[in-house]
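Notes follow once the structure below has been shown.
Basis for what follows: all heavy atoms, side chains included, without hydrogens, waters or symmetry-related copies. Here is the naming used below: chain letters follow the sequence lines, and residue numbers restart at 1 for every chain.
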There are 2 protein chains.
Amino acid sequence: MMLYYFKTMELSNYSRIFKALSNEQRLKIFMMIYKNCSTEKGDSIKAEFRFKEEPCCSMKGGVERAFTLICDCMNLSRSTVSHHFKELQNAGLITCEREGQTYRCNVNEDAVQAVKNFLS
Amino acid sequence: MMLYYFKTMELSNYSRIFKALSNEQRLKIFMMIYKNCSTEKGDSIKAEFRFKEEPCCSMKGGVERAFTLICDCMNLSRSTVSHHFKELQNAGLITCEREGQTYRCNVNEDAVQAVKNFLS
DNA sequence: TCTAATGTTTGACTACACTCGAACTCTTCA
DNA sequence: TGAAGAGTTCGAGTGTAGTCAAACATTAGA
């Protein structure tokens, strides 16, 4: 299920996004992906959001090996991490794809924009 | 319990704010207060966020009679509305005060600013 | 082909969230 | 002083969320 965002988003879509970000572990997962995706410009990533094993990958087409890197950083079982990834996807915040054993994550820019526009 | 916000807010505070906004009813309550508080400039309020009985009050020092107005608009019991107000207060999103029978609500601008700065 | 690594799904457990009605406290007004 | 109005607190019921371990599926490499 993917949501599409328009200029004025429905309240229910906002609450869905906020629900996805309401769990601290999940928020951290999202921030790690977000920060690492938007670092082409070379901003340094705050230690809190850095993957342990860095530099992890090329960020151009999304974060590679995101799942494994996050499992290593956070003290959570793989099934739990899988669940959190799914929640972030269902809220439309990220997209994930596998090609063979390569798991690549991307932030959905429309959703990011919607969050930025909220209250503005 | 009141939270104070600084330039770089803790992740846990963000997740607390998002949790408060993750329930659709509560998000709507917040938006009604927010929109009605920031309307001194005279922007018209979207029908969705308008109190039924309008104009309800003077907005200078916050929304007056917010509790009653919201009970009238939303199909929720007073105890439920009370609970939602408390959650919004605990997250630091609004402040409420009673003077006699006057219940006045205000949006916490620091929290609003924090949300606006998130991801920016 | 066998094995190890990577992620998913399922089932279970615990904790917390949303909601209501009922009983309560204050305040105001008759 | 009594009654009505406004909001809170409490207890209970139902549902959902977060987590894990175990079993599974798929892929890569030996």
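- For B/Arg65 and D/dG5, the CZ to C1' distance is 12 Å, given to the nearest whole Å.
- Between the side chain of A/Asn23 and the main chain of A/Arg26, a donor-acceptor pair closer than 3.5 Å is present.
- Looking at B/Tyr103, its side chain never comes within 3.5 Å of a backbone N or O of B/Val63 through a donor-acceptor pair.
- Between A/Ile29 atom CD1 and D/dG18 atom P the separation is 11 Å, expressed in whole Å.
- The CG-C1' distance, from A/Asp72 to C/dG7, rounds to 14 Å in whole Å.
- For A/Tyr103, the side-chain atoms get nearest to C/dG7 when compared with the rest of C/dG7, C/dA17, D/dT8.
- Taking NE2 of A/His83 as the reference point, atom CG of A/Leu76 lies at 10.5 Å (rounded to 0.5 Å).
- Between A/Asn23 atom CG and D/dA17 atom C1' the separation is 8 Å, expressed in whole Å.
- Atom pair A/Ile70:CD1 and C/dG7:C1' shows a separation of 13 Å (rounding to whole Å applied).
- The closest side-chain donor-acceptor pair between B/Ser77 and B/Thr80 falls under 3.5 angstrom.
- Atom CG in B/Asn90 sits about 12 Å away from atom P in C/dC18, given to the nearest Å.
- B/Phe67 has its CZ atom 17 Å from the P atom of C/dT27, to the nearest Å.
- With contacts defined as side-chain heavy-atom distances shorter than 4.5 Å, the pair A/Phe67/A/Cys105 does not qualify.
- Going from atom CD of A/Glu97 over to atom P of C/dT6 covers 19 Å, rounded to whole Å.
- For the atom pair OG1 of B/Thr95 and CG of B/Leu88, the computed distance is 11.0 Å after rounding to the nearest 0.5 Å.
- Scanning residues 75-88 of chain B for heavy-atom distances under 4.0 Å to DNA chain C yields B/Asn75, B/Leu76, B/Ser77, B/Ser79, B/Thr80, B/His83, B/His84.
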B/Ile94/B/Phe30 under side chain to side chain contact (heavy atoms under 4.5 Å, CB included): CA gap, chis, key distance, verdict
CA-CA 8 Å; B/Ile94 63 171; B/Phe30 174 72; 3.9 Å; yes
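- Side-chain proximity of B/Arg98 to C/dA17, D/dT8, D/dT27: nearest is D/dT8.
- The residue among B/Thr102 and A/Glu99 whose nearest nucleotide of DNA chain D is located toward the 5' end is B/Thr102.
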